[in-house]
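Quick notes on the structure that follows.
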Amino acid sequence: APPRRSPDAQAWEPVTPELLRPARFALETYNRGRVAGARAVLGAVSGRVRRAGGGSLYSLKATVEEPPCSDPMVCRLPVSKKTLLCTFEVLDELGKHRLLRGDCGPVDAKITDDKNEISSSFFPLLNKDPLPQNFSMEMVSLFKHFITTYNRTYDSEEEAQWRMSIFMNNMVRAQEIQALDRGTAQYGVTKFSDLTEEEFRTFYLNPLLKEGPGKTMRLAKPIDDP
Amino acid sequence: APPEWDWRNKGAVTKVKNQGMCGSCWAFSVTGNVEGQWFLKQGDLLSLSEQELVDCDTLDKACMGGLPSNAYAAIRTLGGLETEDDYSYHGHLQTCSFTAEKVKVYINDSVELSKDEQKLAAWLAKKGPISIAINAFGMQFYRRGISRPLRLLCSPWFIDHAVLLVGYGNRSDVPFWAIKNSWGTDWGEEGYYYLHRGSRACGVNVMASSAVVD
């Protein structure tokens, strides 16, 4: 039998006016805080949309062209590397857009081969306002506390740095999840805070479950009214 | 259904376990259910072996994932479950070392439960903890409280984690399911996850099942 396909799953589609709106919104967020002339521009866009209730969730892939930049303290990429491949998730609720996720990394092979460069995440909360001056220090302090609490050891200084950058991105992501939760849950540092989403899925979750219930079982008899 | 219920207070739930870096949640969900069913039928709470399922359930894929429905079938084919003490958990696939002589618990059948949360609550209160599967959105960073992600972000079509419903109730008028997870007691509320009840949050209602012990 063919694999079960969820009714809201869609193939990636080339850009349409509907996809362009959330893509432009994502780019605006990406560019927030930059002066004219230093802003990145949108290249190719493709995407898909899932709808439920009054909202739509757009998953987008886009190339983003960075303007030439010569200041190494400011540039996202070295001078010769201008194109980024980004994935965005934009939620549209009643016409109001929110950027839930944004990950950008170099697009060309030469850059991808360079192991010193990694895809980096950015999130709306990081871009919404200028970061507080002590943001990094607070994060470092939180990360140190995390290492002590969960007894973490890393093989090298490089790995520790890499894990800290994941931790920082995860903290911002936890804030986003917190902001969108309609219950009373609190999200924040957990023992999984130094894992990428991909690592977390691979090590702790169960991809087979979405294939369906598996073996057919008989339906349980309902409980009678006492 | 009664307004609230908690099998933890009634001795039907073993301590929170830890699956480690292994996608064996399906095994923990099913053994948790069988532990509860055995307790309710035989009056004896035994901690049962997940490693037996990881190693010997050839219908599933050990640390790469599995389905509760397959696990029930495997338990019946094998002849039952050994205890945690006799076949302890290592968190990776090993050669199957199941021995029928050590079986302490058997099951006779397995059933699929209603997708109606009210009926699930009624079933739980009368029959015991329920094996379920959910979309784990946000659980990487969950600390406490009742989780209620937007349906759009926590779609019932992307189920990726099996757990155990052990109770339900209300906290300050917010209805919840009490869910036993298998990520150790240093995650969530002493290893438990609380999810909004009545809104089909994260697909909590889509894959409910139970073993049957006669």
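All chains are named by letter (A, B, ...) in the order of the sequence lines, taking the proteins before the strands, and each is independently numbered beginning at 1. Quick caveat, the model's predicted, so the values are computed rather than measured.
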Side chain, backbone, both or neither: which part of [X] has an atom under 4.5 Å from a heavy atom of chain A?
{"X": "B:Tyr72", "answer": "side chain"}
{"X": "B:Gln19", "answer": "side chain"}
{"X": "B:Ala201", "answer": "neither"}
{"X": "B:Met21", "answer": "both"}
{"X": "B:Leu195", "answer": "neither"}
{"X": "B:Val206", "answer": "neither"}
{"X": "B:Lys126", "answer": "side chain"}
{"X": "B:Ser110", "answer": "both"}
{"X": "B:Phe176", "answer": "neither"}
{"X": "B:Cys25", "answer": "side chain"}
{"X": "B:His161", "answer": "both"}

Ring centers of [X], [Y] separated by less than 6.0 Å:
{"X": "B:Tyr193", "Y": "B:Trp177", "answer": "no"}
{"X": "A:Phe88", "Y": "A:Tyr58", "answer": "no"}
{"X": "B:Tyr89", "Y": "B:Phe28", "answer": "yes"}
{"X": "B:Trp187", "Y": "B:Tyr142", "answer": "yes"}
{"X": "B:Trp183", "Y": "A:Phe200", "answer": "yes"}

With a 4.5 Å cut-off on side-chain heavy atoms, are B:Ile130 and B:Trp123 touching?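 B:Trp123 vs B:Ile130: side chains touch.
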Does the side chain of B:Val166 come within less than 4.5 Å of B:Tyr192's, by heavy atoms?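 In contact.
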By a 4.5 Å heavy-atom criterion (distance strictly below it), what part of A:Ser56 contacts chain B: side chain, backbone, both, or neither?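 Just its backbone gets close to chain B.
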With a 4.5 angstrom heavy-atom cut-off, is it the side chain or the backbone of A:Leu195 that approaches chain B, or both, or neither?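 Both parts, backbone and side chain.
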Apply salt bridge (charged side-chain N to carboxylate O under 4.0 Å, His left out) to B:Arg76 and list each qualifying residue two or more places apart in sequence or on a separate chain.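 Salt bridge (charged side-chain N to carboxylate O under 4.0 Å, His left out) check on B:Arg76 returns B:Asp109.
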Residues A:Arg50, A:Glu89: salt bridge by 4.0 Å N-O rule: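 Here A:Arg50 does not pair with A:Glu89 in a salt bridge, since their nearest N and O are not under 4.0 Å apart.
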Does the pair A:Arg101/A:Glu197 count as a salt bridge with the N-to-O cut at 4.0 Å?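 Result for this pair is yes, salt bridge flagged.
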Applying the salt bridge (Lys or Arg N to Asp or Glu O under 4.0 Å) criterion to B:Glu189, which one of B:Arg8, B:Arg171, B:Lys180, B:Arg144 satisfies it?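 Output: one option passes, namely B:Arg171.
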Among [options], which residue has the highest count of heavy-atom pairs closer than 4.5 Å to chain A?
{"options": "B:Gly188, B:Ser114, B:Gly66, B:Ala162", "value": "B:Gly66"}
{"options": "B:Cys22, B:Gly20, B:Ser147", "value": "B:Ser147"}
{"options": "B:Asp60, B:Leu150, B:Asn70, B:Leu59", "value": "B:Leu150"}
{"options": "B:Gly138, B:Gly145, B:Ser69", "value": "B:Ser69"}

Between A:Thr216, A:Leu205, A:Ile177, the one whose heavy-atom pairs under 4.5 Å with chain B are most numerous: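 Highest number of pairs under 4.5 Å: A:Leu205.
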